[in-house]
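Notes follow once the structure below has been shown.
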Amino acid sequence: LATLALARAGARVAHVDASRPAVTWARRNAVRAGLDDAPIRWIVEDARAFVAREARRGHRYDAVVLDPPTYGHAPGGGAAWRMEADLAGLLAGCAALTGPAPAFFVLTAHTTGLDAAELRAGIAGAFGAELADRAEVVPLGVHRPDGRQLPAGLAIRWGS
């Protein structure tokens with residue numbers, strides 16, 4: 001959804017996901033939304049590998065939207081991903097692509113394993129304390145018909 005919204009707003013987007021079915025589904029949604037000619041690069045790859053390669057090539061990005069799983073694997077049964085252990089490295093890689101002040105940054109953490117302070121610390125470690133202090137942490141959840149909200153992790157975001 002974020003890829004399609006950004007493309008509709010005129011952004012050039014690199015959509016990276018380790019799941020080929022997820023990328024296929026996203027591409028179908030782009031066609032259905034009339035965005036089949038939008039400047040979207042569809043990439044099936046581990047985000048860590050993509051970020052490291054782009055940094056080596058000297059490519060720069062204006063903004064980042066991350067929606068990593070709590071647990072996953074790179075394509076082809078590659079390296080495992082664990083949010084608590086691997087997020088800091090991915091954030092550092094994203095900072096290398098954007099510099100210390102991206103135009104905006106959004107991270108959803110659909111896990112109970114991280115709290116707001118840990119997310120801020122990860123952001124501070126990658127992008128600096130000033131930016132982490134400005135970031136807004138938002139609880140994610142699902143509203144039930146009975147009015148209760150089921151917690152679904154946190155999001156952290158900022159814009160320049």
Side-chain angles (χ1 to χ4, degrees), residues 1-57 59-98 102-116 118-119 122-123 125-127 135-144 149-159:
L1 181 59
T3 293
L4 301 183
L6 290 166
R8 184 163 310 283
R12 294 179 324 187
V13 181
H15 180 107
V16 181
D17 198 305
S19 168
R20 185 171 304 281
V23 171
T24 299
W25 186 16
R27 288 181 89 149
R28 269 197 313 263
N29 286 340
V31 170
R32 290 179 179 149
L35 295 168
D36 38 329
D37 292 330
I40 303 170
R41 292 171 47 210
W42 301 101
I43 302 160
V44 177
E45 186 173 14
D46 179 80
R48 295 169 293 186
F50 173 80
V51 166
R53 186 183 64 251
E54 292 293 275
R56 280 192 310 275
R57 292 178 175 172
H59 293 172
R60 303 290 285 178
Y61 288 78
D62 296 325
V64 173
V65 177
L66 289 175
D67 185 33
T70 298
Y71 178 81
H73 282 279
W81 162 271
R82 289 177 179 79
M83 176 88 73
E84 287 106 344
D86 298 318
L87 183 60
L90 181 57
L91 291 173
C94 290
L97 293 180
T98 63
F104 66 87
F105 179 94
V106 177
L107 165 67
T108 56
H110 301 281
T111 182
T112 57
L114 294 172
D115 63 21
E118 290 169 309
L119 283 177
I123 297 299
F127 293 94
E136 177 184 14
V137 178
V138 181
L140 301 173
V142 177
H143 291 285
R144 293 175 36 106
Q149 180 160 326
L150 298 174
L154 298 168
I156 190 164
R157 64 185 180 193
W158 72 82

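Along the sequence shown, residues carry numbers from 1.
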Does some side-chain heavy atom of W25 sit less than 4.5 Å from a side-chain heavy atom of S19? no

Could you pull out the closest heavy-atom pair between I43 and A14, with the gap in Å? CD1-CB, 4.4 Å

Minimal heavy-atom distance between D86 and A80, with the atoms involved, is OD2-O, 3.7 Å

Looking at R12, I'd like to know if its CZ atom is crowded, meaning that more than 12 non-hydrogen atoms belonging to other residues, nucleotides or ligands lie closer than 6.0 Å. no

If you draw a 6.0 Å radius around CG in L150, do more than 12 non-hydrogen atoms from other residues or ligands fall strictly inside? yes

Looking at M83 and T108, what are the two nearest heavy atoms and their distance? CE-O, 4.4 Å

Could you check if a side-chain atom of L87 sits within less than 4.5 angstrom of a side-chain atom of L119, using non-hydrogen atoms only? yes

Spacing of CG belonging to L97 relative to NE2 belonging to H59, to within rounding of 0.5 Å: 10.0 Å

Check the orientation of Y61 and F50. Use parallel for under 30°, tilted for 30 to 60°, and perpendicular for over 60°. perpendicular

Under a 3.5 Å distance rule, please check whether E54 uses its side chain to pair with a backbone N or O of V51 as donor and acceptor. no

Side-chain contact test, heavy atoms from C-beta onward, threshold under 4.5 Å: evaluate it for F104 versus L6 and give yes or no. yes

I'd like to know if the side chain of W81 and the backbone of P69 have a donor-acceptor N/O pair within less than 3.5 Å. yes

Please find the pair of heavy atoms, one from A116 and one from L154, that lie closest to each other, and give the distance. N-CD1, 3.4 Å

Taking C-beta and beyond as the side chain, do L107 and P68 meet within less than 4.5 Å on heavy atoms? yes

Give, for atom NE2 of H73 and atom CG of D46, the distance between the pair rounded to the nearest 0.5 Å. 11.0 Å

On a heavy-atom basis, which atom in H110 and which in T70 lie closest, and how many Å separate them? O-OG1, 2.7 Å

Decide if atom CG of D62 counts as having more than 12 heavy atoms of other residues, nucleotides or ligands within a radius under 6.0 Å. no

Are any side-chain N or O atoms of R53 and backbone N or O atoms of R48, one a donor and one an acceptor, separated by less than 3.5 Å? no

Donor-acceptor contact present, side-chain H15 to main-chain W42, <3.5 Å: no

Chi angles and distances behind the side chain to side chain contact (heavy atoms under 4.5 Å, CB included) call for V23, R27: CA-CA 6 Å; V23 171; R27 288 181 89 149; 4.3 Å; yes

Check whether any side-chain heavy atom of L91 lies under 4.5 Å from a side-chain heavy atom of I123, and answer yes or no. yes

Please assess T98 against V64 for the test side chain to side chain contact (heavy atoms under 4.5 Å, CB included), listing each intermediate value before the final yes or no. CA-CA 8 Å; T98 63; V64 173; 3.6 Å; yes

Sub-3.5 Å donor-acceptor pair from the side chain of T111 to the main-chain atoms of G153, do we have one? no

Identify the two heavy atoms, one from A63 and one from P102, that lie closest to each other, and give their separation to 0.1 Å. CA-CB, 4.3 Å

